[in-house]
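I have placed the structure first, in the form of structure tokens, so that the comments after it can refer back to it.
Computed from a predicted structure; not experimentally measured. Just follow the structure's listing: the first ligand is 1, and inside any ligand the first atom is 1.
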Amino acid sequence: MLKHSLVINREVRDAITANQPVVALESTIISHGMPYPQNIETARLLEHTVRENGGIPATIAVLKGKIHVGLAPDELEFLATDKNVSKASRRDLPALLAGGRHAATTVAATMICAALAGVRFFATGGIGGVHRGGGESMDISADLREFAETPVLVVSAGAKAILDIPLTMEYLETMGIPVLGYCTDEMPAFYYAKSGVKVPIRVDSASEAAVIFKSSLELGYRSGILVGNPVPNADALDRKKIEACIAEAVADAQNRGIKGQQVTPFLLGRLNEITGGESLKTNIALVRNNAAVCAKIAVEFFK
Ligand code: PSU
Ligand code: MN
């Protein structure tokens, strides 16, 4: 059955069979995380960055009810421009496949599809997490639980700063997820490098991260690993300034009654407006940096 729902492009299939370092990339960031044309430029830039660092990129999305692992240029363009592409997380995939629909995959859904295809590495911008006020609203991204279910190593600039990072770390700890700080002792905060929350494990090289992932797989863990990779200094935003903007965006979301799947795209879009494009610039820089580090870890893993 699944055979008919999973389309892996030629290059990616050959690379997986030959134990080459394939790096998955998600599509929600293209369809719902960034405006056009920066979204398509970023999608291409990320694939290029993975290649520059020795990896084979596999961008993942659902097209006409099939999971595509590795996309053609016109498929990327479609995801960047079409207004009817939905946002697929774990709960959405069965109905989208059954209904023959198009969808961009979130971190959770991309992890699921990558694992199905035999891809173990994945770079994103920032994972979803516990939203501010999550204790009341129960808005906790399905991304977090996915780490407990799916053995993929994900490189992320921490959790998005629009979230409650201490609560997000608490949740990851409860789920028993190994969280690695890449050349840092603190969980990165997406737009800036230091959240003030300590990571349980620090690594200072790609090979250290690769060895820890191997050991997790040898232990028979079915869970994934989260690597927190801080935004480069030159691209980081000032903590105080961006926090004031985030508070404004979160208040706007509440006033307009934005809920569920719409929250994260709304906040990212609103922040881009409030900061006059600065937040988007930083987002692009950090996701590119994550693609580079993820490819390096994958290369070490297959050495
Ligand atoms: N990283 C970015 N931009 C994004 C995302 C990640 O730089 O838009 C997406 C990911 O797909 C992640 C999603 O899974 O945001 C989180 O959505 P939610 O909070 O609704 O689970
Ligand atoms: Mn949510």
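Within D139, OD1 is the N, O or S atom that lies nearest to the Mn ion (ligand 2).
Side-chain N/O atoms of E278 and Y191 include no donor and acceptor closer than 3.5 Å. Side-chain atoms of Q38 and T42 form no donor-acceptor pair, as typed in the model, at a separation below 3.5 Å.
Protein heavy atom closest to atom 15 (O) of ligand 1, with residue, atom name and distance, is K160 NZ, 3.1 Å. Looking from atom 19 (O) of ligand 1 to the surrounding protein, the closest heavy atom is T264 OG1, 2.7 Å. Ranking the protein heavy atoms by distance from atom 7 (O) of ligand 1 puts N283 OD1, 2.8 Å first. For atom 3 (N) of ligand 1, the closest non-hydrogen atom on the protein side is I29 CG1, 3.6 Å.
Looking at E26, Q261, K87, M34, it is K87 that brings a heavy atom closest to atom 20 (O) of ligand 1. The closest non-hydrogen atom to atom 1 (N) of ligand 1, taken over A104, G126, A108, G129, comes from G126. Nearest residue to atom 21 (O) of ligand 1 from S31, G33, A123, S141 is S141 (criterion: closest heavy atom).
Taking a cut-off of under 4.0 Å to the non-hydrogen atoms of T106, the atoms of ligand 1 that pass are 11 (O), 14 (O). Numbered from 1 in the order shown, with element, the atoms of ligand 1 that lie under 4.0 Å from a heavy atom of F190 read 7 (O). Atom numbering of ligand 1 starts at 1 in the shown order; those under 4.0 Å from a heavy atom of L268 are 3 (N), 4 (C), 8 (O). Those atoms of ligand 1 with a heavy atom of D143 less than 4.0 angstrom away are 12 (C), 14 (O), 16 (C).
Ligand 1 has no atom lying under 4.0 Å from any heavy atom of H32. For the ligand labelled ligand 1, residue T124 lies inside the 4.0 Å heavy-atom shell. For the pair H131 and ligand 1, a heavy-atom separation below 4.0 Å is found.
Only one option out of V152, L226, D143, I112 pairs with V107 in a side chain to side chain contact (heavy atoms under 4.5 Å, CB included); it is D143.
Distance check: L280 CG to T275 OG1 gives 8.0 Å after rounding to the nearest 0.5 Å. The line from CD1 of I246 to CG of L237 is 9.0 Å long, rounded to the nearest 0.5 Å. How far CZ of F190 is from CG of L163: 9.0 Å, rounded to the nearest 0.5 Å.
Considering only residues two or more places apart in sequence or on other chains, R101 meets the salt bridge (charged side-chain N to carboxylate O under 4.0 Å, His left out) condition with none of them.
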- Task: Could you give me the CA-CA distance, side-chain angles and deciding distance for E47 and R44, then say whether salt bridge (charged side-chain N to carboxylate O under 4.0 Å, His left out) is met?
- Result: CA-CA 5 Å; E47 294 200 346; R44 294 190 193 117; over 6 Å; no
- Could you walk me through whether E173 and K198 pass salt bridge (charged side-chain N to carboxylate O under 4.0 Å, His left out), step by step? CA-CA 12 Å; E173 182 173 328; K198 287 260 174 295; over 6 Å; no
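The aromatic rings of F301 and F213 sit tilted relative to each other, their planes meeting at an angle between 30° and 60°.
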